[in-house]
Structures are given as C-alpha cells and as structure tokens.
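To keep things clear, I will list the structure first and then write my remarks on it.
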Amino acid sequence: MAPQCNGARFSRAELLQASVELRHHALGYVKSMALRCAVKLGVANAIHRRGGVASLDDLLAELSLDASRLPCLRSVMRALAASGVFATASDDGEHYRLTAVSSLLVDDSNGISGSLAPATLLFVAPPFVAPVVNLAEWLLAGAGGAAATTAFEMTHGEDLWGVLGRDAALRGFFDGALASDTRFVMDMAIRVSPKVFDGIASLVDVAGGAGAAAQAVAAAFPRIKCTVLDLPQVIDALAPADGLVDYVVGDMMEFVPPADAVLLKNVLHDWSDQECVNILKRCKEAIPSQEARGKVIVIDVVLGSSPHAICSETQLWLHLLMLTITTGKERNEKEWRRLFSEAGFSDYKIRQFLGHLSIIEVFP
Ligand SMILES: C[S@@+](CC[C@H](N)C(=O)[O-])C[C@H]1O[C@@H](n2cnc3c(N)ncnc32)[C@H](O)[C@@H]1O
C-alpha cells in the first residue's frame with residue numbers, strides 16, 4: 001500500500017524523487033556560496049584573460065592558488081557548470097568556458113556597463129545572509145516589547161541604515177555593489193525605454209547612492225540636469241563632484257529638491273507602505289503638473305510581471321530578502337496602485353524591461 005500523508009497518497013517512486021528535490025532545495029545555499037567563492041576568486045576574469053577557455057591548471061596559476069587546492073577548485077567548477085554559471089569545454093571536465101551568466105562577472109562585461117560581480121557579492125555577503133539564517137528565530141520572537149522590527153535588526157542590533165552608518169567599509173561595499181547593479185540596469189533602461197526621459201530638463205535621483213543612475217542619465221541625455229540626493233554618510237564619502245551631476249545631502253522623508261522628474265531606483269522596496277506614501281508625497285511636491293511633464297520614475301520589481309518561471313521565482317526570493325533586511329517588500333501591481341493613489345498621484349504606466357524589473361512612470 002502507498003504511504004499516506006493527510007489523505008494524499010504518494011507512490012514510492014514519487015517519494016524517492018521528492019527526497020532528491022528536498023535535498024536539492026536544502027543544499028541551495030551551497031550553490032550560492034560556490035558562486036560567492038568563484039566571484040571572490042575572480043574565476044570569470046581569469047577565464048576571460050585566457051581567451052575564453054581555461055583549464056583547471058590555468059585557473060590555479062591565474063588565481064595564484066596552491067596546487068593542493070585543485071580537487072576543491074575542480075568541485076566548485078563542476079558544480080557551477082552543472083548550474084549553468086560556467087560551461088565545460090572538454091569531455092574530461094578539466095576545461096571551462098564562460099556562459100552568458102558568467103560573462104556578466106567579467107570586468108569589461110560585454111562592453112555594456114562593467115561587471116555585476118560587486119552586485120552579486122552583495123546577495124551572498126555574510127552580513128546579509130545571517131538575517132536570512134535567523135528568519136525562523138525572528139518569527140518565533142514575536143512583535144511585542146523590545147522585539148526587533150526585522151530579522152536584520154535582530155541579528156545586528158540596528159537597522160540596515162544604522163549599521164551602514166557606523167561601518168564605513170560595509171557602506172563602501174554596499175554602495176559599490178548597488179552602483180554596479182545600477183550601471184547595468186540603467187544601461188538597459190535607457191536603451192529599451194529612452195522615451196521615458198523625453199521632455200525632461202532636470203531629474204533628481206532620490207536615494208541615489210553614489211549616483212550611478214544619475215550619471216547614466218546625464219551621459220545619455222546631456223540636456224538633463226541631474227542631481228543625486230542621499231544621506232550624509234553617502235554623499236560626504238564621495239570624491240569631489242565630477243561635473244556631470246550635482247550631489248545634495250538630505251532626508252527624502254523630509255524634502256526632495258524640485259525637478260521635472262524624480263527617479264527612485266530600488267528605493268521604495270526598502271520601505272513600508274506608510275513610509276513609501278510619505279516618500280512619494282515628498283516627490284510629488286518636487287515635480288510640476290502632468291501637463292508640464294512632471295513624473296516620478298520608479299524602477300523596482302512588480303511581482304508577477306513576468307511569465308517566465310525564473311523571473312517570478314527570483315522576484316519571490318527578492319521579496320523575502322527585502323522583508324528580512326528592511327521594513328520594505330516587493331509589490332504587485334495592485335499594491336503599487338494603492339501606494340500611488342494614497343500619495344495623491346492620478347495615473348501610472350508600467351513597462352517590464354529587465355526580466356524581474358519594471359519601470360513605472362507615475363503621473364501627478
Ligand atoms: C538600496 S539603495 C539604492 C541606491 C540607488 N538608488 C541605486 O539603486 O543604486 C538605497 C539608498 O537609500 C539611501 N537612503 C536611506 N534612507 C534615506 C533617506 N532618509 N534619505 C535619503 N536617502 C536615504 C541609502 O543611503 C541608499 O543609498
């Protein structure tokens with residue numbers, strides 16, 4: 001007789017298959033950490049330097065690894081090739097080449113916009129992984145008394161912005177990672193949807209970090225005067241102004257400098273609904289009417305926007321991660337619509353442009 005669970009009967013073959021799937025899910029972190037290992041070592045750059053194909057011996061030499069590490073390096077490469085990050089280039093599994101995925105980790109990535117290695121390392125960095133490890137403990141701790149608002153806060157004793165404010169090295173790592181992601185995303189956004197920037201003479205990149213988005217807009221559309229607004233811990237650490245964009249210290253919860261358009265790239269997913277409405281109200285005060293082409297440009301996830309399983313699943317992992325490390329979350333269209341309406345906006349237009357990301361133009 002087939003084993004039974006809550007009335008459902010599964011065959012032994014199904015259960016055997018299920019046990020493999022269960023183990024596959026449980027070992028997902030080993031894949032993440034093998035990727036972290038390869039990115040930290042610079043494997044993609046090493047293969048690139050060898051002309052696109054490298055043997056394990058080449059990699060040992062390129063990465064200055066001791067010969068005794070060969071079996072482990074072989075295992076890392078074999079596992080990442082099975083996941084499609086690299087590909088085997090010989091039948092004996094001793095040679096590897098880049099795939100489209102690992103080509104994004106090369107410093108002069110496809111001539112597009114630089115490497116995504118820093119952005120990739122952010123997702124697998126211990127300070128961001130640890131709160132995810134603590135998720136069950138945080139859920140069990142409940143919400144009363146001195147309970148931490150997020151698993152990040154429970155793990156680090158402070159929220160993300162507090163930790164970044166007191167740890168300059170982590171702040172530099174975080175800003176560099178976001179900048180690498182932003183260079184790639186903005187390059188795509190400007191190529192795919194240049195019309196979004198039509199008729200705009202000035203733009204404020206709110207919570208713009210080191211200014212990668214504003215720099216991309218200013219380089220592509222020299223007529224647009226671009227300004228970056230962020231916290232003092234970010235703006236004060238930047239090199240003297242590059243002349244391409246202006247940098248302003250400020251708190252977006254209080255004031256957003258006037259401009260034709262406000263850009264919010266990967267900002268609103270850091271904040272609760274109430275905080276988002278507040279930020280959006282400050283943005284609305286900063287822009288002119290819709291007739292005068294005023295708009296807010298949001299670049300973020302719209303949950304469920306893609307028919308592709310890998311995009312949808314990636315969006316759900318990002319959603320869970322945002323819930324874990326911030327007071328924010330990813331949102332579906334209905335949730336976005338409610339935020340825009342509560343902040344007093346009259347209309348919006350969504351364009352999905354980069355797999356898991358969308359551009360949302362929001363009109364006053
Ligand atoms: C996830 S990062 C996004 C940076 C940038 N938009 C990008 O995508 O590259 C969020 C940014 O919000 C900034 N931030 C947090 N609180 C802020 C506030 N109250 N006012 C202005 N910026 C703030 C952080 O310093 C950080 O640079």
Side-chain angles (χ1 to χ4, degrees), residues 113-114 116 118-123 125 127-128 149-150 152-153 158-168 170-190 203-218 226-238 245-257 259 261-272 274-283 285-286 296-301 318-319 321-330 353-354 356-360:
S113 48
L116 280 179
T120 306
L121 284 179
L122 182 66
F123 288 121
F128 297 92
T149 313
T150 61
F152 185 97
E153 198 179 308
E158 264 184 288
D159 71 8
L160 174 62
W161 314 116
V163 169
L164 292 176
R166 67 172 158 74
D167 185 338
L170 189 63
R171 178 84 237 190
F173 169 70
F174 181 84
D175 290 341
L178 261 299
S180 94
D181 175 70
T182 298
R183 278 191 292 274
F184 182 80
V185 168
M186 291 308 294
D187 188 281
M188 294 287 177
I190 289 166
L203 175 142
V204 187
D205 184 7
V206 167
Q215 286 161 8
V217 173
C226 293
T227 304
V228 178
L229 174 87
D230 210 296
L231 299 172
Q233 56 185 251
V234 179
I235 302 295
D236 293 348
L238 294 173
V245 302
D246 292 332
Y247 293 89
V248 175
V249 169
D251 179 353
M252 65 184 166
M253 302 290 176
E254 302 290 333
F255 178 71
V256 170
V262 168
L263 177 65
L264 292 165
K265 185 214 158 255
N266 285 147
V267 175
L268 295 177
H269 73 164
D270 293 338
W271 302 95
S272 69
Q274 205 182 348
E275 290 161 325
C276 284
V277 170
N278 184 33
I279 294 166
L280 285 164
K281 282 183 175 170
R282 300 293 81 76
C283 293
E285 289 161 4
V296 175
I297 304 164
V298 175
I299 299 183
D300 244 324
V301 164
L318 284 170
H319 174 58
L321 184 64
M322 296 321 296
L323 277 172
T324 305
I325 64 176
T326 69
T327 54
K329 58 183 180 179
E330 306 298 355
F353 79 102
L354 182 74
H356 66 291
L357 282 179
S358 294
I359 298 185
I360 316 175

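Order of listing sets the numbers, starting from 1, for every ligand and every atom in it.
At least one donor-acceptor pair closer than 3.5 Å links the side chain of His319 to the backbone N or O of Glu330. Panel note: side chain Ser180, backbone Ala119; a donor-acceptor pair is recorded below 3.5 Å.
Shown in contact with Lys265 at under 4.0 Å from a heavy atom are these atoms of ligand 1, numbered in order with element: 3 (C), 5 (C), 6 (N), 7 (C), 8 (O). Atoms of ligand 1 lying under 4.0 Å from any heavy atom of Asn266, numbered from 1 in the order shown and given with element: 1 (C), 3 (C), 8 (O). With ligand atoms numbered from 1 in the order given, ligand 1 contributes 1 (C), 10 (C) to contacts under 4.0 Å with heavy atoms of Asp270. Ligand-side atoms of ligand 1 in range of Gly250: 20 (N), 21 (C), range being under 4.0 angstrom from any heavy atom. With ligand atoms numbered from 1 in the order given, ligand 1 contributes 18 (C), 19 (N), 20 (N) to contacts under 4.0 Å with heavy atoms of Asp251. Numbered from 1 in the order shown, with element, the atoms of ligand 1 that lie under 4.0 Å from a heavy atom of Arg171 read 24 (C), 25 (O), 26 (C), 27 (O).
Contact detail for Val249 and Pro232: the closest heavy-atom pair is CG1-CD, 3.7 Å. Closest non-hydrogen pair, Leu122 versus Phe174, comes out as CD1-CD1, 3.9 Å. Of all heavy-atom pairs spanning Cys283 and Val296, the tightest one is CB-CG2, 3.9 Å.
Other residues, nucleotides and ligands contribute at most 12 non-hydrogen atoms within 6.0 Å of the CZ atom of Phe123.
Looking at atom 4 (C) of ligand 1, its nearest protein heavy atom turns out to be Ala207 O, 3.2 Å. Given atom 20 (N) of ligand 1, the protein heavy atom at minimum distance is Met252 N, 3.0 Å. Closest protein heavy atom to atom 16 (N) of ligand 1: Trp271 CZ2, 3.5 Å. Of all protein heavy atoms, the one lying nearest to atom 25 (O) of ligand 1 is Asp230 OD1, 2.7 Å.
No side-chain heavy atom of Ile360 sits less than 4.5 Å from a side-chain heavy atom of Asp300. Contact check for Lys265 versus Thr182: side-chain heavy atoms found under the 4.5 Å cut-off.
At a threshold of 4.0 Å, the pair Arg171-Asp175 counts as salt-bridged, since one of the basic side-chain nitrogens sits closer than that to a carboxylate oxygen. The pair Asp251-Arg282 fails the salt-bridge criterion, with no side-chain N (NZ, NE, NH1 or NH2) lying under 4.0 Å from an Asp/Glu carboxylate O.
For the atom pair CG (Leu268) and CE (Met252), the distance works out to 7.5 Å, reported to the nearest 0.5 Å.
Here Glu275 has no heavy atoms under 4.0 Å from ligand 1, in either its backbone or its side chain. Contacts between Val234 and ligand 1, counted as non-hydrogen atom pairs separated by less than 4.0 Å, involve the side chain only. The proximity of Phe255 to ligand 1, defined as any non-hydrogen pair under 4.0 Å, does not occur for either the backbone or the side chain.
For atom 14 (N) of ligand 1, the nearest non-hydrogen atom from the set Leu268, Thr182, Leu231 belongs to Leu231.
Put simply, no part of Leu229 is less than 4.0 Å from ligand 1, judged by heavy atoms. Within the 4.0 Å heavy-atom cutoff, Met186 does not count among the residues contacting ligand 1. Heavy-atom distances between Ala212 and ligand 1 stay at or above 4.0 Å for every pair.
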